[in-house]
There are 2 protein chains.
Amino acid sequence: MGLTEPDPTDEVLRALAEPRRRTILRLVAHDEMSAGEIAATFEVSRTAISQHVTVLKNAGLLTERRAGTRRLYRARPEGLAGIRAFLDEMWAGALDTARRLAEAERGLSDDVDAERTG
Amino acid sequence: MGLTEPDPTDEVLRALAEPRRRTILRLVAHDEMSAGEIAATFEVSRTAISQHVTVLKNAGLLTERRAGTRRLYRARPEGLAGIRAFLDEMWAGALDTARRLAEAERGLSDDVDAERTG
DNA sequence: GGCTAACGTTAGCAGCCACTGACACTCTTT
DNA sequence: AAAGAGTGTCAGTGGCTGCTAACGTTAGCC
């Protein structure tokens, strides 16, 4: 057990931090597509796309189904749950802080106004 | 003009695809912190953290405020709006498809049950 | 069994990225 | 103005990453 436990959030974000991989995800968000069909969409080699698909699969963002010699892929929305939670927490927390600060600043300029009018 | 326009979503995701940068974001989500204070949290050099901060700032995830010789940073939640939209779209779309498929499969196993009981 | 189609996998390479150390800059203090 | 504190910036380096080309593998067909 010398392996450091990999953070699932980290793997998902690294997988998403690549334009082509996001494009692949969008391609298979609704319709199931074969590896060849996906690769045909791009202008890079089929090998490159296969590697991207592997990354997405390992990150839990894709499901694979075999049909004959073909492999059909589809987006797996649950794979996004982790970073959605991360973002929501960050968003809510920071936004709440921002609101609190806005209030404080408003209070401050009220004081200034009072000083000016006083 | 010879520059290809950078996709803001891409920049944000690349910025988030780094554990230390996410840690920095969490650090300044609620409380404003100086560059030195942030750097003191980590065990890498101050230079490295300064570069991470620059990346986050360029991605629109951080605001900078100068106070004397110090520079105070705070998380900027609006910077996350883009990828939140991306994720919500992806989530909704794929989840809707998943539901549709589940219905279809349920219909299929209903047929099987009917066949079995028939 | 032999052949083909549709894939994944490996090796090797170029470019990028996170890191460090040295240097430059900007306030504040005296 | 000189000195020091607090930071950003630059150059260089090791490691990772996305790419291609060649090879290996599995399923269907003759």
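What you are looking at is a predicted structure, and each value in this text was computed from that prediction instead of being measured. To find a chain, count down the sequence lines: A is the first, B the second, and so on, and within it residues start at 1.
Residue H52(A) places no side-chain N or O under 4.0 Å from the OP1 or OP2 atom of dT17(D).
For R65(A), the side-chain hydrogen bond (donor to acceptor under 3.5 Å, both in side chains) partners at least two apart in sequence or on another chain are E32(A). Residues passing the salt bridge (Lys or Arg N to Asp or Glu O under 4.0 Å) test with E89(B), sequence neighbours excluded: none. Taking T23(B) as the reference, R26(B), F42(B) meet the side chain to side chain contact (heavy atoms under 4.5 Å, CB included) condition, with sequence neighbours excluded. The side chain to side chain contact (heavy atoms under 4.5 Å, CB included) check on N58(A) picks up E11(A), T54(A), with sequence neighbours excluded. With sequence neighbours left out, the salt bridge (Lys or Arg N to Asp or Glu O under 4.0 Å) criterion links D88(A) to R84(B). Residues passing the side chain to side chain contact (heavy atoms under 4.5 Å, CB included) test with V55(A), sequence neighbours excluded: A15(A), R21(A).
The nearest heavy atom of DNA chain D to A67(A) and to V44(A) marks one nucleotide each, and the one closer to the 5' end goes with V44(A).
Pairs passing the salt bridge (Lys or Arg N to Asp or Glu O under 4.0 Å) check and including a residue from residues 48-64 of chain A, sequence neighbours excluded, read K57(A)-E64(A), E64(A)-R66(A), E64(A)-R71(A). For residues 34-46 of chain B, the set of pairs meeting the side chain to side chain donor-acceptor pair (under 3.5 Å) definition, not counting sequence neighbours, is empty.
In terms of modelled atom types and a separation under 3.5 Å, the side chain of R14(B) and the main chain of A17(A) share no donor-acceptor contact.
For DNA chain C, the contact window with chain B, defined by any atom under 4.0 Å from a protein heavy atom, covers dC17(C) to dT28(C) in 5' to 3' order.
The line from CD of E78(A) to CG of L61(A) is 10.0 Å long, rounded to the nearest 0.5 Å.
Of the residues in residues 13-22 of chain A, those lying under 4.0 Å from DNA chain D by heavy-atom distance are R14(A), E18(A), R20(A), R21(A).
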Report, as a single string ordered 5' to 3', how protein heavy atoms within less than 4.0 Å touch nucleotides 4-16 of chain D: B base, S sugar-phosphate only, - not at all. --SBBBBB-----

